[in-house]
Each structure stands twice: as structure tokens, then as C-alpha cells.
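Working notes for the structure below.
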Amino acid sequence: MQRWWAAFLGAEPRTADRRTAVLETTDLRVVIEHSEIAMNANPEVAGVISLTISVNSAPTALEIHDRMTAFGSRHHRATDDAGGVRLWYRDPNGTDVALRLPIDASPDNRPGQEIDPDHVVARLEAAADDGAVSSD
């Protein structure tokens with residue numbers, strides 16, 4: 001779990017105590033607590049169904065995507081809804097983690113529909129090459 005989040009955030013875990021690790025960026029802090037009681041719990045039992053991490057530039061989003069790919073974690077879907085265009089990954093506990101991208105959906109996509117995730121990655125790569133920034 002610590003290695004997955006380290007790859008996702010590009011931050012090294014810091015041990016707080018024997019059961020707790022903390023990963024921090026300037027915008028986000030993730031605390032991973034190991035519990036013998038919850039080790040086999042599903043994310044729904046723990047109350048976490050999904051998380052969304054937003055980034056403000058295409059190059060930053062692509063860097064995160066590239067770290068996840070290098071780590072062996074692949075996006076499994078892409079969506080376009082009120083929350084924006086998101087690439088979805090699963091952490092080792094099975095929790096869905098979305099990377100909200102600073103790009104608009106393809107004009108021919110209907111809002112609320114699933115998008116081909118490989119098409120979204122191609123658009124993200126193109127936006128990163130152009131130095132695109134947030135569309136907010």
C-alpha cells in the first residue's frame with residue numbers, strides 16, 4: 001500500500017509509528033494505518049468507496065500516470081461527469097482512486113458516459129506536450 005501511494009503521489013512514506021505511515025505533498029496528505037482488525041475488510045466496510053485527486057496541469061497528471069504505469073498499476077476506466085474527466089486506478093485494497101485531469105472531454109463524448117481510457121491517455125499526452133494547464 002505504501003509503495004502504491006508513493007508511486008501515485010511521487011512522495012516517500014514517512015513512518016509515524018509502527019502502524020502508521022504518512023505520505024505528503026504540498027497539496028495532499030495520505031495517512032496509511034495498519035490495523036490487524038481491518039486487514040481483511042473491504043473498502044466499503046471501511047467507509048471508503050473512492051477518492052479523487054485533482055491536478056492542475058497536464059504534465060503533472062501525465063507524470064502521475066507514468067509513475068503508476070512504471071509501478072505496474074494500470075487505469076481501468078475513464079469517466080466524464082460533473083467531477084470532470086477522470087482516469088481510475090485501484091489501490092492495493094481495491095479502493096477506486098481517480099486522477100481528475102485538467103483536460104476537457106472529447107467534444108463528441110456525452111457527459112456522464114464512460115470514455116475509452118486509452119483515448120483519454122492519448123489526449124492527456126497531447127495536452128502535456130502542448131503545456132496545457134487547468135481548464136477550470
**Asked** Where do E24 and L28 land on the side chain to side chain contact (heavy atoms under 4.5 Å, CB included) test, with the steps shown first?
**Response** CA-CA 6 Å; E24 293 183 270; L28 182 69; over 6 Å; no

**Prompt:** Do the side chains of E12 and L23 get nearer than 4.5 Å, heavy atoms only?
**Reply:** no

**Message:** Could you work out, with side chain to side chain donor-acceptor pair (under 3.5 Å) as the rule, every residue matching T60, not counting sequence neighbours?
**Reply:** S57

**Request:** Apply the test side chain to side chain contact (heavy atoms under 4.5 Å, CB included) to residues V120 and L87: give CA-CA distance (whole Å), side-chain angles for both, the deciding distance (0.1 Å), then the verdict.
**Result:** CA-CA 8 Å; V120 171; L87 272 177; 4.1 Å; yes

**Message:** One pair to check against side chain to side chain contact (heavy atoms under 4.5 Å, CB included): V30 and I32. What are the steps and the verdict?
**Reply:** CA-CA 6 Å; V30 174; I32 299 170; 4.1 Å; yes

Show which side-chain atoms of residues 1-9 pair as donor or acceptor with protein atoms under 3.5 Å away, not counting sequence neighbours.
from: Q2; atom 1: NE2; to: H34; atom 2: NE2; distance (Å): 3.4
from: W4; atom 1: NE1; to: S73; atom 2: OG; distance (Å): 3.1
from: W4; atom 1: NE1; to: R90; atom 2: O; distance (Å): 3.4

**Prompt:** Do the ring planes of H75 and Y89 sit parallel (below 30°), tilted (30 to 60°) or perpendicular (above 60°)?
**Reply:** perpendicular

**Prompt:** Apart from V22 itself, which Ile, Leu, Val, Met, Phe, Trp or Tyr residues share its cluster (side-chain heavy atoms under 4.5 Å, direct or through members)?
**Reply:** V31

**Asked** What pairs with D17 under side chain to side chain donor-acceptor pair (under 3.5 Å), at least two apart in sequence or on another chain?
**Response** T20

**Sub-4.5 Å side-chain heavy-atom contact between T79 and W88** = yes

**Message:** Using the side chain to side chain donor-acceptor pair (under 3.5 Å) criterion, which residues pair with H119? Sequence neighbours excluded.
**Reply:** none

**Approximate separation, where rounding is to 0.5 Å, of N93 CG and D91 CG** = 5.0 Å

**Item:** Spacing of CG belonging to N56 relative to CZ belonging to R100, to within rounding of 0.5 Å
**Value:** 10.5 Å

**Message:** Rounded to the nearest 0.5 Å, what separates atom CG in L99 from atom CG in L101?
**Reply:** 5.0 Å

**Complete:** Rounded to the nearest 0.5 angstrom, the CD1-CG distance for I103 and D130 is 11.5 Å

**Request:** Indicate the atoms forming the closest heavy-atom contact of A61 with V55, along with that distance.
**Result:** CB-CG2, 3.5 Å

**Message:** Under 4.0 Å between a side-chain nitrogen and a carboxylate oxygen: does that hold for D118 and R74?
**Reply:** yes

**Item:** R86 (side chain) donor-acceptor with S54 (main chain) under 3.5 angstrom
**Value:** no

**Request:** List in chain and number order the residues that pass side chain to side chain donor-acceptor pair (under 3.5 Å) with E114, two or more places apart in sequence or in another chain; answer none if no residue qualifies.
**Result:** R77

**Message:** Which heavy atom of P102 sits nearest to which heavy atom of A58, and what is that distance?
**Reply:** CG-N, 3.4 Å

**Asked** Can you list every salt bridge (charged side-chain N to carboxylate O under 4.0 Å, His left out) pair that touches residues 52-73, not counting sequence neighbours?
**Response** E63-R67

